[in-house]
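Within every chain, numbering begins at 1; the chains are lettered A, B, ... in the order of the sequence lines, protein sequences first and strands thereafter.
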Amino acid sequence: MAVPKWYANGLEHVTQSASGGSVDLDTDTIKLILLTASYTPDQALHDFRDDLGANEATGGSGYPAGGFTLASKTLAATSLTLNWDAADISQAITGGPFAFRYGVFYKSRGGTAAADEIVGYVDFGAQSVTDATLNITLTNQLTIVAS
Amino acid sequence: MPFDVETMKAEYEQAEAEAHSIQAERDDALQALRDTYDQRLQDAVDAAAEKQSEWMDAEAANALAARVVTEDRPLEGDEVTQEYADSKAAEMGLTLPDE
């Protein structure tokens with residue numbers, strides 16, 4: 001997987017979690033929503049899911065609107081790096097094409113998009129799946145490195 | 001007249017002790033909250049992810065099966081043969097629905 005990037009506000013949502021209760025990466029409902037190339041990430045300004053606009057990927061069957069719910073999430077420090085990990089995604093997509101470029105991690109609260117904090121995003125490059133399995137590796141999807 | 005540093009130090013130590021006391025109380029309360037919710041929430045989220053995956057597999061299988069044409073005629077649009085559907089389902093680990 002390409003190297004994911006933090007949103008500045010996402011980092012704030014996470015680091016405030018101990019005191020402010022915003023985003024808890026290993027216990028909260030975190031989803032990975034897939035977006036088309038029409039989306040333009042803004043690391044400095046985007047902070048909630050409504051900033052993603054109407055750019056969610058569609059096509060075929062097998063992709064859940066709103067994104068994949070991440071399972072088996074962990075936070076662990078190795079050497080000087082804090083890693084956020086989750087189970088890989090492997091989902092059959094029939095029909096299509098299901099085309100996407102970006103993936104955005106966000107906290108799903110079950111309500112409006114404006115309430116869902118976005119954390120980070122990854123640029124997969126142009127991807128298209130038709131009658132095939134979509135595989136996304138989520139090993140250490142976001143890290144904080146002490147240096 | 002020199003500053004009364006001993007008194008100032010005592011006042012500082014009392015103020016810091018108050019801060020430490022509140023901090024410890026807060027930490028204990030947060031830990032109690034985590035003990036109550038974290039494992040239960042994590043298990044619930046994992047269960048939801050599994051159900052979502054099962055649901056999407058079923059959606060994908062239904063959609064693939066709906067494209068199957070068994071008649072002996074040229075395929076149109078996204079139509080597929082039973083052989084193609086069986087092959088793709090096996091490749092993707094899907095179970096096609098019964099007819």
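Here the shortest heavy-atom pairing between A:Ser61 and B:Ala60 reads O-CB, 3.7 Å. The shortest non-hydrogen separation linking B:Arg67 to A:Thr94 is NH1-C, 4.0 Å.
Only the backbone of A:Leu70 comes within less than 4.5 Å of a heavy atom in chain B; its side chain stays farther off. With a 4.5 Å cut-off on non-hydrogen atoms, B:Leu94 touches chain A through its side chain but not through its backbone. Interface residue B:Tyr84: only side-chain heavy atoms are found under 4.5 Å from chain A.
Under the 4.5 Å side-chain heavy-atom criterion for grouping Ile, Leu, Val, Met, Phe, Trp and Tyr, B:Val80 is not connected to A:Phe98 through any hydrophobic cluster. In the hydrophobic clustering of ILVMFWY residues, with side-chain heavy atoms under 4.5 Å counting as a link, A:Ile118 and A:Phe48 come out apart. Cluster membership check: A:Tyr7 shares its hydrophobic cluster with A:Tyr102, using side-chain heavy-atom separations under 4.5 Å among Ile, Leu, Val, Met, Phe, Trp and Tyr. Linking ILVMFWY side-chain heavy atoms closer than 4.5 Å, directly or via other members, places A:Tyr39 and A:Trp6 in a single hydrophobic cluster. B:Leu41 and A:Val23 are not part of a single hydrophobic cluster, where members link through side-chain heavy atoms under 4.5 Å apart.
Counting heavy atoms of neighbouring residues, nucleotides and ligands inside a 6.0 Å radius, atom CD of B:Glu25 does not exceed 12 of them. The environment of CD in B:Gln31 is crowded: more than 12 heavy-atom neighbours from other residues, nucleotides or ligands sit within 6.0 Å. Atom CD of B:Glu13 is surrounded by more than 12 heavy atoms from other residues, nucleotides or ligands within 6.0 Å.
Counting heavy-atom pairs closer than 4.5 Å to chain A, the top-ranked of the candidates B:Glu91, B:Gln39, B:Lys88 is B:Lys88. Heavy-atom pairs under 4.5 Å with chain B were tallied for A:Pro64, A:Gly96, A:Gly95, A:Ala87; the largest tally goes to A:Pro64. Chain B forms the most heavy-atom pairs under 4.5 Å with one residue out of A:Thr133, A:Asp28, A:Thr69, A:Thr29, and that residue is A:Thr69.
Rounded to the nearest 0.5 Å, atoms CE (B:Met92) and CD (A:Gln91) are 10.0 Å apart. Distance CG/A:Leu134 to CE/B:Met56: 12.5 Å, rounded to 0.5 Å. For the atom pair B:Arg40 CZ and A:Thr27 OG1, the distance stands at 12.0 Å (nearest 0.5 Å). Atom OG1 of A:Thr130 and atom CG of B:Asp78 lie 10.5 Å apart (nearest 0.5 Å).
Of all residues spanning residues 45-54 of chain B, those with a heavy atom less than 4.5 Å away from chain A's heavy atoms are B:Val45, B:Asp46, B:Ala49, B:Gln52, B:Ser53, arranged by number.
Judged by distance alone, with hydrogens and angles left aside, the side-chain atoms of B:Gln42 form a donor-acceptor pair with the main-chain N or O of A:Asp26 at under 3.5 Å.
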